[in-house]
Amino acid sequence: MLNVETIRKDFPILSRKVNGKPLVYFDNAATSQKPRRVIDTIVDYYTNYNANIHRGVHALSQEATDKYEQARAKIQKHFNAQHRHEIIMTSGTTHGINLVAHGFASILKKDDEIIVSALEHHSNIVPWQMLCERTGARLRVIPMNQDGELVMTAFEALLSSKTKLVFVNHISNALGTINPIEDIIKKAHKVGAAVLVDGAQACPHLKPDVQQLDVDFYVASAHKMCGPTGVGMLYGKKAWLDKLPPYQGGGEMIAEVTFEKTTYADLPHKFEAGTPNICGGIAFGAAIDYLNHIGFDAIAAYENELLQYATKKLLAIDGLKIYGTSKHKTAVISFNLDGIHPYDVGTILDKMGVAVRTGHHCAQPIMDYFGIPGTVRASFAFYNTMAEIDTLVDGVKKAKAMLS
Ligand SMILES: *Cc1c(COP(=O)(O)O)cnc(C)c1O
């Protein structure tokens, strides 16, 4: 059981006011808030041992290097990667996806196929379109149904010996649908395709086991997991990471440089050119410790209560429609009020101190499917309360009264 009142004390920002009202933060799918433990880790780094890593022989550099590599070990353990060097530190999910897409440019040939899903975030569509332009490969799309679920029979029909890559998110940021990635990975592997899972939206809510999933690549961002912005991780199976060429050239990623030829460093450094976000990486480790201290079983159970409660209360409002109605979903509610623009609802909620997102949520194809310009999206975290949901529901009722 999770004690939400105690947990809320860990997050300094949750006690502030917005527009004279207590903050109700329901934009967790965009970024999470940060606990004191993560903030303190950042302050401690710059106060006590800021130095560049991996290169210096001096004490501070050693200390920073040790802490940074300990963070990598925490990430490895958290995702249950077999080897530490299968964890590549990135600037976030988008960076991880682009790194893999860039690498596949040297592997794909004309008429090879890449399959993506209709539920993707723009950051998981655009890099593949660019890759297809460069290689002559073709992009195929797994369609979705009215509940916001992928149509698995259509996926099976798309698979063939031409399929080289499948890219799908673990959880949709716009609708909250949890995709059947185990099944997708198994089926893709049968035709010899690699699978990259975008875990940006899943990792705040569950703990993926990359070995059990047998996934080839898995990416995440620290900032959605109570960590800082500008840092994330790419897990890749060693065999794949060995096969892919480096993404960027620079310091740290080389073994030897002459003007004739450069040989690349071993994993993970081959993919880590330049000075990384040292402080961010260490704080990412602290965030993972914090989440595990709360416990993912407790987080999932509590967030599901929030979801059920909010769904019931919102659906009781006449003219309110929820988009994304899969039985397998996390605590994200995308909705609209009949005849009212989502932006107007969001503005009224903001006046009441309630932070939600409005718009297409970087997932325009999903909005096109439903024939809407966007939605209001309330996304919950384990530090939210039932009372906050009541405030949201009151706000939506008020918006409806004012706007209709
Ligand atoms: C947030 C998000 C991204 C992008 O993450 P960045 O941290 O902005 O790189 C990609 N995919 C999904 C599903 C997301 O929720």
Side-chain angles (χ1 to χ4, degrees), residues 25-34 38 75 88-102 116-130 141-142 144 148-150 166-181 184 195-206 208 215 217-235 247-248 271 276-277 280-281 283-284 287-288 303 323-324 326 328-334 355-367 374-375 377-381:
Y25 187 75
F26 284 158
D27 197 16
N28 294 286
T31 198
S32 66
Q33 296 302 344
K34 321 304 171 198
V38 169
I75 297 167
I88 310 297
M89 304 297 275
T90 64
S91 68
T93 299
T94 304
H95 176 194
I97 293 168
N98 278 281
L99 188 158
V100 175
H102 174 270
V116 299
S117 94
L119 283 172
E120 297 312 307
H121 190 278
H122 292 167
S123 76
N124 211 359
I125 301 173
V126 182
W128 310 123
Q129 288 173 331
M130 289 163 64
V141 182
I142 315 169
M144 61 184 250
E149 297 169 326
L150 296 178
V166 176
F167 299 98
V168 65
N169 60 36
H170 195 162
I171 293 178
S172 153
N173 70 303
L175 305 178
T177 315
I178 306 173
N179 290 316
I181 59 165
I184 290 173
V195 180
L196 166 63
V197 172
D198 169 357
Q201 207 56 240
C203 293
H205 310 290
L206 50 85
V215 67
F217 303 98
Y218 196 98
V219 289
S221 295
H223 72 93
K224 292 185 181 170
M225 305 171 66
C226 296
T229 53
V231 65
M233 75 100 206
L234 158 68
Y235 159 79
Y247 181 40
Q248 291 177 316
F271 292 108
N277 183 348
F284 187 9
I288 284 179
E303 288 179 346
Y323 299 90
S326 173
H328 306 286
K329 67 176 278 192
T330 47
V332 172
I333 302 184
S334 251
V356 293
R357 185 141 296 233
T358 61
H360 55 58
H361 318 301
C362 298
Q364 221 150 5
I366 299 180
M367 303 302 136
T375 65
R377 182 186 70 185
S379 52
F380 311 128

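As the structure is a prediction and not an experimental result, all values here were calculated from the model. Counting starts at 1 for both ligands and their atoms, in listed order.
- For ligand 1, the polar-atom distance check against His223 finds a nitrogen or oxygen pair separated by under 3.5 Å.
- Near Ser221, meaning under 4.0 Å from any of its heavy atoms, are these atoms of ligand 1: 5 (O), 6 (P), 7 (O), 9 (O).
- Protein heavy atom closest to atom 1 (C) of ligand 1, with residue, atom name and distance, is Lys224 NZ, 1.3 Å.
- The shortest non-hydrogen separation linking Tyr218 to Met233 is O-CE, 3.5 Å.
- Residues Thr375 and Ser334 approach most closely at OG1-OG, 2.9 Å, considering heavy atoms.
- Residues Phe217 and Tyr235 place their aromatic rings such that the two centres sit no closer than 6.0 Å.
- The nearest protein atom to atom 9 (O) of ligand 1, hydrogens excluded, is given as Thr94 OG1, 2.6 Å; this is a heavy-atom distance.
- Lys34 places no side-chain N or O within donor-acceptor distance of the main-chain N or O of Cys226, the cut-off being under 3.5 Å.
- Classified by interplanar angle (parallel below 30°, tilted 30° to 60°, perpendicular above 60°), the ring pair Phe167/Trp128 is parallel.
- Residue contacts with ligand 1: Asn173 is placed with no nitrogen or oxygen under 3.5 Å of a nitrogen or oxygen of the ligand (distance criterion only).
- Interface of Thr93 with ligand 1, defined as ligand atoms under 4.0 Å from a residue heavy atom, comprises 5 (O), 9 (O), 10 (C).
- Judged by distance alone, the side chain of Thr90 and the main-chain N or O of Gly232 form a donor-acceptor pair under 3.5 Å.
- Proximity of a side-chain donor or acceptor of Asn173 to a complementary backbone N or O of His361 within less than 3.5 Å is detected.
- Between His95 and ligand 1, no N or O atom pair is found at a separation short of 3.5 Å.
- Protein heavy atom at the shortest distance from atom 15 (O) of ligand 1 is Gln201 NE2, 2.5 Å.
- For the residues Leu119, Val168, Asp198, the heavy atom positioned nearest atom 11 (N) of ligand 1 is part of Asp198.
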